[in-house]
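Reviewing the structure listed below.
Excluded from the calculations below are hydrogen atoms, water molecules and symmetry mates; all remaining heavy atoms, backbone and side chain alike, are included. Note on naming: letters A, B, ... go to the chains in the order of the sequence lines (proteins, then strands), and numbering restarts at 1 for each one.
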Amino acid sequence: MDFRLNEEQQMLQDTVARLVRGEYSFEKRLEFSETEAGFSVDFWKQLGELGLTAVPFSEELGGFDGGGVEVQSVMTELGRGLCLEPYLQSVIFAGGLINQAGNDTQKDTWLAGIASGELQAAVALQEPQSFYDLKDVETRAEKNDSGYVLNGRKAVVIGGHCADLILVSARTSEAADGISLFVLTPDTAGLERRVYPTIDGSKGCDITLTDVQVSAEALVGQQDGAAEVIEYQAGRAIAALCAEAVGAMEAANELTLDYLKQRKQFGVPIGRFQVLQHRMVDMMSELEQARSMSILAASVADEEQSDERRRILAAAKNVIGRSGQFISEQGIQSHGGIGMTWEYNFAHYAKRLIMINHQLGDDDFHLEHYASLLQAS
Amino acid sequence: MDFRLNEEQQMLQDTVARLVRGEYSFEKRLEFSETEAGFSVDFWKQLGELGLTAVPFSEELGGFDGGGVEVQSVMTELGRGLCLEPYLQSVIFAGGLINQAGNDTQKDTWLAGIASGELQAAVALQEPQSFYDLKDVETRAEKNDSGYVLNGRKAVVIGGHCADLILVSARTSEAADGISLFVLTPDTAGLERRVYPTIDGSKGCDITLTDVQVSAEALVGQQDGAAEVIEYQAGRAIAALCAEAVGAMEAANELTLDYLKQRKQFGVPIGRFQVLQHRMVDMMSELEQARSMSILAASVADEEQSDERRRILAAAKNVIGRSGQFISEQGIQSHGGIGMTWEYNFAHYAKRLIMINHQLGDDDFHLEHYASLLQAS
Amino acid sequence: MNLNYTEEELAFRDEVRAFLDKKLPADIAAKVKGFRRLSKEDHQRWQKILSEQGWYATHWPVEHGGVEWSPVQKHIWDEESSRYGVPRSIPFGVNMVAPVIIRFGNEEQKQTYLPRILSGEDWWCQGYSEPGAGSDLASLKTRAVREGDHYIVNGQKTWTTLGQHANMIFCLVRTNTEVKAQEGISFLLIDMDTPGITVRPIITLEGEHEVNEVFFEDVKVPVENLVGEEDKGWTYAKYLLTYERTGLAGIGLSKAALSHLKELASRRLKNGRPLLEDPTFSQRIAEVEIDLTAAGISNLRIIASVEGGGVPGAESSMLKVKGTEIRQAINDLARRAIGPYALPFVEEELELDYDGEFLSDENAAPLSAQYFNNRKLSIFGGSNEIQKNIVSKMILGL
Amino acid sequence: MNLNYTEEELAFRDEVRAFLDKKLPADIAAKVKGFRRLSKEDHQRWQKILSEQGWYATHWPVEHGGVEWSPVQKHIWDEESSRYGVPRSIPFGVNMVAPVIIRFGNEEQKQTYLPRILSGEDWWCQGYSEPGAGSDLASLKTRAVREGDHYIVNGQKTWTTLGQHANMIFCLVRTNTEVKAQEGISFLLIDMDTPGITVRPIITLEGEHEVNEVFFEDVKVPVENLVGEEDKGWTYAKYLLTYERTGLAGIGLSKAALSHLKELASRRLKNGRPLLEDPTFSQRIAEVEIDLTAAGISNLRIIASVEGGGVPGAESSMLKVKGTEIRQAINDLARRAIGPYALPFVEEELELDYDGEFLSDENAAPLSAQYFNNRKLSIFGGSNEIQKNIVSKMILGL
């Protein structure tokens with residue numbers, strides 16, 4: 001049993017950390033957020049050049065064959081820097097889907113680009129009515145002679161506003177699992193995007209598909225066979241998101257702790273007040289729980305699917321959701337007024353952490369999922 | 001709008017308070033608890049002589065025609081004194097059932113005795129499988145020429161070990177509501193009791209009914225008609241239990257507050273530690289919530305049945321369950337070791353408060369019930 | 001004990017309802033109920049209607065143009081206001097500086113300022129907090145030095161709510177540094193147009209401009225703008241704080257927010273069913289509704305006791321804490337109810353006259369922002385920690 | 001990073017399992033798993049079996065008869081012990097006084113006491129807390145005054161767990177009142193049969209006799225029973241406290257309790273369905289299981305770090321708090337699971353050989369009592385408040 005990173009993993013993490021420290025000051029982040037892309041195109045390019053967008057892919061694709069731990073190393077540091085780049089969406093989730101289900105042509109055409117960072121992909125799996133259930137798909141794909149015709153609506157596609165590729169799930173059969181996956185380019189006729197900023201400083205869009213004709217080659221994996229693939233890759237994305245959250249929580253707690261030491265009220269640092277001390281301890285303790293679950297999630301992220309993997313990932317996302325909210329809310333409270341302001345760093349960590357709970361299922365959603373997998377012992 | 005007691009109600013409450021203070025020291029209570037009855041037969045007699053057991057009954061029965069507020073006045077003081085007498089079971093619940101559903105003969109025979117305190121009654125409504133659902137009745141009553149034959153098991157009948165009368169619910173039809181109510185004396189052939197102490201210092205029993213033959217006169221109210229009556233009277237009992245809980249919480253908080261002022265550690269009263277201060281404030285605040293709900297519950301206890309009454313009573317029992325547990329657990333924690341001991345008063349309040357949550361449905365049960373009655377607004 | 005309104009109180013409630021039915025502008029009510037942005041003009045328009053009705057200054061004596069409602073009447077007004085979607089009154093003039101002027105000001109100040117508050121001519125803001133003096137208000141540093149007929153004011157105030165709209169500010173300033181912190185403070189009324197005053201927006205975490213910093217650089221304030229005696233300002237401020245605490249629990253606002261939440265939960269789906277029918281979510285709503293019911297009765301108990309001549313004590317501080325926790329819990333649930341739609345933040349959707357396409361649910365737009373913004377509830381107006389300190393002092397006597 | 005056991009560790013686990021399969025008496029395991037009462041004889045019988053296996057003194061060096069397991073081996077033992085229903089070891093001799101004697105005692109003390117602990121001849125208890133010195137242990141007042149070859153001890157100890165069974169007690173006593181509180185304390189070993197010692201039971205809230213008061217009246221203790229130097233006892237006590245803290249989180253015990261809870265919930269009904277299938281209850285179980293999973297990994301992280309030569313710091317105090325909260329939450333759920341059956345308390349049902357009729361569920365009997373008894377978890381062994389004070393000192397540096 002050994003919880004230490006090996007030398008390569010440590011080097012990987014240090015590389016990302018250094019990069020983020022150098023390029024991603026708080027002020028710059030605010031600027032990146034206001035650009036059309038909503039992130040730093042330049043930083044994204046650097047990630048690609050350093051091979052970091054290739055981490056989870058095979059060596060043929062220029063990658064490290066990185067597993068959960070390597071992804072965790074990258075994501076934790078991106079989380080600590082509140083980075084806005086679509087690493088999760090493009091590299092982990094979309095890349096993972098094509099990697100798992102795509103045929104050789106699709107891998108050659110798209111995966112290489114995703115791994116090098118030259119292509120940026122997004123996943124369009126949620127719908128207005130779906131809440132967090134990725135099997136709740138009403139968008140339909142009808143087979144015809146030229147391929148498939150898609151109709152429907154996709155909700156909250158983070159990074160979709162400027163993606164080169166969009167992976168869309170659509171119902172191809174009435175069976176609960178009868179879902180298929182299609183890869184679309186945003187210029188496809190009938191695909192419309194409504195772009196918006198998100199409250200945590202990123203950007204995304206809603207997508208309307210009206211009689212969108214795609215060729216049969218746009219189908220990724222088997223027809224009616226996408227449900228399992230999506231579930232598996234969503235699990236990898238959850239593990240990555242947990243790591244991002246842990247990085248953000250670490251930074252958030254450091255800010256709060258600093259503030260407790262420096263801010264004075266009634267003639268003493270506010271960290272002298274026992275209530276604030278104990279609250280800070282609780283926040284550290286929640287972070288420990290989150291860190292443990294991120295480690296555990298990373299350890300199963302690339303394992304074969306099983307109820308045990310499902311349980312661990314649901315548990316991890318549940319813990320991260322709760323601890324993220326606790327650390328955000330209590331951190332704001334401990335900061336007082338300054339924690340409520342745009343111009344101070346903390347609030348942006350809080351917003352990201354709360355929004356992580358709204359991606360890929362919140363703590364309630366995963367608690368329910370875990371409960372449904374509960375075993376009598 | 002006026003939350004003050006009127007003169008008579010205040011006098012009533014003062015009378016009970018004085019009586020409890022005089023007769024019910026902590027040491028005496030421990031002694032009462034160890035007697036065969038598990039309460040003070042003498043104190044019970046005094047309650048009768050002073051007309052206090054008649055409070056909710058009509059003037060013909062020697063009563064006050066007391067409503068929810070009068071019952072609240074009595075129960076709060078009994079709760080403050082941790083009194084063990086079966087006022088709730090006999091006067092409020094069993095008395096209420098006969099009062100609402102009994103015919104004139106039954107009222108003459110039994111209710112007069114209950115009102116005077118000469119008869120002590122108990123209610124046997126729960127069963128091993130029923131959890132808190134009083135409609136989950138598997139005990140059966142079959143009609144025959146001589147009346148009814150009862151078979152089944154009744155669980156946790158507080159006060160049933162020494163009751164003169166036991167009101168038993170039994171299924172007389174397959175419809176969910178097809179429940180009837182019978183009044184039995186404990187010497188009836190085929191009725192067996194397994195007596196035990198309860199963890200909060202009282203006594204009760206489980207009851208087995210094996211081919212118990214009762215006459216048709218033992219039926220209280222209409223055949224198949226008891227479900228509504230039981231629900232209504234359980235509601236009155238819930239309001240009374242809430243008042244008892246508020247009395248106990250008041251006393252418990254007073255003990256904790258005293259302890260915080262007197263106990264010294266690190267050279268100062270422990271009440272100087274901010275964490276304990278804020279916790280005490282939280283405990284006071286929970287008590288305020290509980291007090292408000294007890295008042296509200298009292299105000300509807302004797303009103304006509306309605307979803308609004310159901311909601312309020314469920315809400316009240318939910319709040320009392322939560323606040324009682326909070327005040328108990330945090331009170332023990334604030335006391336430290338001494339709060340863990342038998343010989344100190346506080347633990348007995350804690351035990352009673354936690355057990356009140358196990359009578360007539362705990363906070364979870366009532367939350368679920370409330371949620372089922374939730375209205376879109 | 002009687003939990004019902006008297007005949008007179010019921011009649012008053014009918015009067016309030018009739019007034020709101022007739023006079024509350026529909027566009028304003030729609031903004032309030034949909035948590036949309038209110039403009040300065042909206043506030044002024046509504047204030048004018050209230051003033052004409054004679055119901056604007058509910059805390060003032062009749063002689064100054066007030067209406068002197070009883071605590072129960074005020075409560076009825078609050079309840080109905082929340083239900084109807086009446087804009088929250090901006091308290092700085094009518095409910096904050098005015099009571100101080102009425103109690104401690106001189107005749108000239110009353111004659112000058114009170115009518116202008118009633119008419120809406122003046123929009124006041126509050127200059128209390130400073131960057132170094134939040135919960136520890138008495139440590140404030142803004143200096144006012146007497147020079148002839150003027151005070152020269154230098155320093156900085158912060159968290160000045162809606163200061164961008166104001167033409168007047170009431171300030172606590174330090175006039176004496178030789179004495180204990182609380183004893184050297186004075187209460188000054190300052191015209192925002194005086195040279196040397198700069199207002200700088202503070203953008204709150206969700207992106208709104210609601211609060212400000214106000215900088216004073218050699219600002220000349222006529223001595224007649226001093227309220228009461230020099231160095232006695234702390235007494236007036238404390239008077240005001242007690243005044244302020246009642247109502248901070250925001251029971252009426254929570255009721256309105258809960259009602260909005262339930263409406264939302266009856267439409268938003270989870271597993272194809274409305275959230276209101278989901279076992280988990282409905283229980284979460286149930287719990288907060290129950291807590292709010294209890295807090296509502298606690299509020300009524302305080303009101304009834306004040307009506308009976310009592311003075312609200314520890315209970316109102318406890319209720320401030322409980323009430324803000326409840327409102328934050330409702331905001332949390334509302335954010336949870338919209339699931340992935342918590343992420344998009346289209347600022348323009350906060351405007352009632354927004355004519356773009358709404359995201360899935362037009363009522364979803366303000367909910368994340370509101371959740372973040374209302375984290376302030378447990379910080380401002382005396383943080384919940386400070387409230388608990390106050391209560392523990394009162395009950396522990398320590 | 002590798003979360004799996006090594007080959008050697010897996011082999012060790014197999015060895016442990018084989019041993020427990022063969023040697024753990026079924027009646028004892030049944031008592032542990034059913035939360036029944038264990039007698040002194042049960043504990044002694046099991047200790048003898050462990051001693052024969054050479055696995056009793058897992059913390060001691062081999063030269064003294066210990067086995068020196070690695071942190072991971074200890075963890076494996078703890079896990080398997082909980083799963084099999086091994087009685088909790090009574091730590092006062094083997095894990096508390098022994099390490100102090102080994103580290104600070106003289107040769108004679110080692111020769112005298114260690115073998116008697118191994119053989120089970122001595123049953124030790126702990127004399128630390130006093131009525132006036134709980135969380136503030138250093139303020140203890142029990143006096144030991146040197147007179148010739150003896151100390152004369154006067155005073156009172158409290159919360160002495162299982163003192164009724166003990167023939168030896170290790171005490172912190174004050175030998176110097178002239179110096180700072182921590183500096184005048186000594187560490188004494190006292191024979192419980194010495195005249196002047198009285199043991200009085202303390203009955204805990206649920207009615208059990210587990211802890212005691214111990215009174216000392218002119219008790220003559222030979223000076224050779226002093227461990228280390230006079231007035232240096234606080235150093236030894238602190239050494240012991242650090243020792244004690246690991247393991248206080250009770251992860252293994254929580255796992256056993258959770259497993260019991262789930263078994264219970266699969267049998268107890270609500271609305272005619274097992275509680276384990278009830279939406280509300282299953283989510284409550286899920287939440288505590290998730291928290292326990294996380295705490296379990298945190299525990300492993302500490303163990304792995306100690307294995308790697310690290311010293312557990314703030315993490316182990318935080319884990320003590322989290323771990324006790326989790327166990328209390330499990331106890332709370334178990335009590336809730338039995339509904340109305342939380343009330344009856346038939347003490348005799350705590351005995352395994354109870355031959356009366358059980359109430360509805362034979363496993364229901366101890367659950368309320370256990371819930372109340374385990375409120376102690378957050379109080380004893382350094383209350384959770386004290387743990388948080390320690391952590392905040394470590395991380396805040398205040």
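- Residue D:A138 does not touch chain B at all, counting heavy-atom pairs closer than 4.5 Å.
- What you find for D:L205 and B:W342 is that their closest heavy atoms are O-CE3, 3.2 Å.
- A salt bridge links B:D363 with D:R336; the closest basic N to acidic carboxylate O contact falls under 4.0 Å.
- In this structure, chain B has a heavy atom under 4.5 Å from the side chain of D:D278, while its backbone stays farther away.
- In D:E183, the CD atom is crowded: over 12 heavy atoms of neighbouring residues, nucleotides or ligands sit closer than 6.0 Å.
- Summarising the geometry, atom CG belonging to D:N271 is positioned 7.5 Å from atom CZ belonging to B:F365; distances are rounded to the nearest 0.5 Å.
- Chain D forms more heavy-atom pairs under 4.5 Å with one residue of B:K203, B:Q325, B:H348 than with any other, namely B:Q325.
- Using a 4.5 Å cut-off between heavy atoms, D:D332 contacts chain B through its side chain alone, with no backbone atom that close.
- Counting heavy-atom pairs closer than 4.5 Å to chain D, the top-ranked of the candidates B:Y132, B:F346, B:Y344 is B:Y132.
- Between atom OG1 of residue D:T280 and atom CG of residue B:D364 there is a gap of 7.0 Å, rounded to the nearest 0.5 Å.
- The CD atom of B:E368 lies 11.5 Å from the CZ atom of D:F281; values are rounded to the nearest 0.5 Å.
- In terms of heavy-atom pairs under 4.5 angstrom with chain B, the leader among D:Q328, D:R284, D:E208 is D:R284.
- The distance from the OG atom of D:S368 to the CE atom of B:M355 is 3.5 Å, given to the nearest 0.5 Å.
- In this structure the side chain of B:R279 reaches within 4.5 angstrom of the side chain of D:E385, judged on heavy atoms.
- Per-residue counts of heavy-atom pairs under 4.5 Å with chain D were compared for B:Q129, B:K351, B:Q359; the largest is that of B:K351.
- Atom OG of residue D:S139 and atom NZ of residue B:K264 lie 12.0 Å apart, to the nearest 0.5 angstrom.
- Contact of the B:E329 side chain with the D:Y371 side chain is registered, since non-hydrogen atoms from C-beta on lie closer than 4.5 Å.
- Here the side chains of D:I379 and B:I332 are in contact, with some heavy-atom distance below 4.5 Å.
- The shortest distance between side-chain heavy atoms of B:Q265 and D:I386 does not fall below 4.5 Å.
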Passes side-chain contact (heavy atoms from CB on, under 4.5 Å), D:N389 versus B:V275? Steps please.
CA-CA 10 Å; D:N389 284 349; B:V275 162; over 6 Å; no
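- Of all non-hydrogen atoms in D:W159 and B:I338, the two that sit nearest each other are CZ2-N, 3.4 Å.
- If you tally non-hydrogen atom pairs under 4.5 Å between each of B:H335, B:R263, B:E343 and chain D, the highest count goes to B:R263.
- Only the backbone of D:P131 has a heavy atom closer than 4.5 Å to any heavy atom of chain B.
- No side-chain donor-acceptor contact under 3.5 Å links B:Q126 and D:Y341.
- Contact annotation for D:A133: only backbone heavy atoms (N, CA, C, O) come within less than 4.5 Å of a heavy atom of chain B.
- Under a 3.5 Å cut-off, the side chain of B:Q333 and the backbone N or O of D:S378 do form a donor-acceptor pair.
- Residues D:D136 and B:F266 approach most closely at OD2-N, 2.7 Å, considering heavy atoms.
- Residue D:R335 touches chain B through both its backbone and its side chain, counting heavy-atom pairs closer than 4.5 Å.
- Of the possible donor and acceptor atoms, none in the side chain of D:K270 sits under 3.5 Å from a partner among the backbone N and O of B:F131.
- Between chain B and the options D:I203, D:L269, D:L343, heavy-atom pairs under 4.5 Å are most frequent for D:L343.
- With a 4.5 Å cut-off on non-hydrogen atoms, D:I202 touches chain B through its side chain but not through its backbone.
- Comparing B:T341, B:D200, B:L276 by how many heavy-atom pairs each has under 4.5 Å with chain D, the most go to B:T341.
- Not a single donor-acceptor pair under 3.5 Å links the side chain of B:H358 to the backbone N or O of D:P340.
- With chain D as partner, the option from B:L367, B:I158, B:I354 having the largest number of non-hydrogen pairs under 4.5 angstrom is B:I354.
- Distance check, rounded to the nearest 0.5 Å: CG of D:L367 to CD1 of B:I199 gives 10.0 Å.
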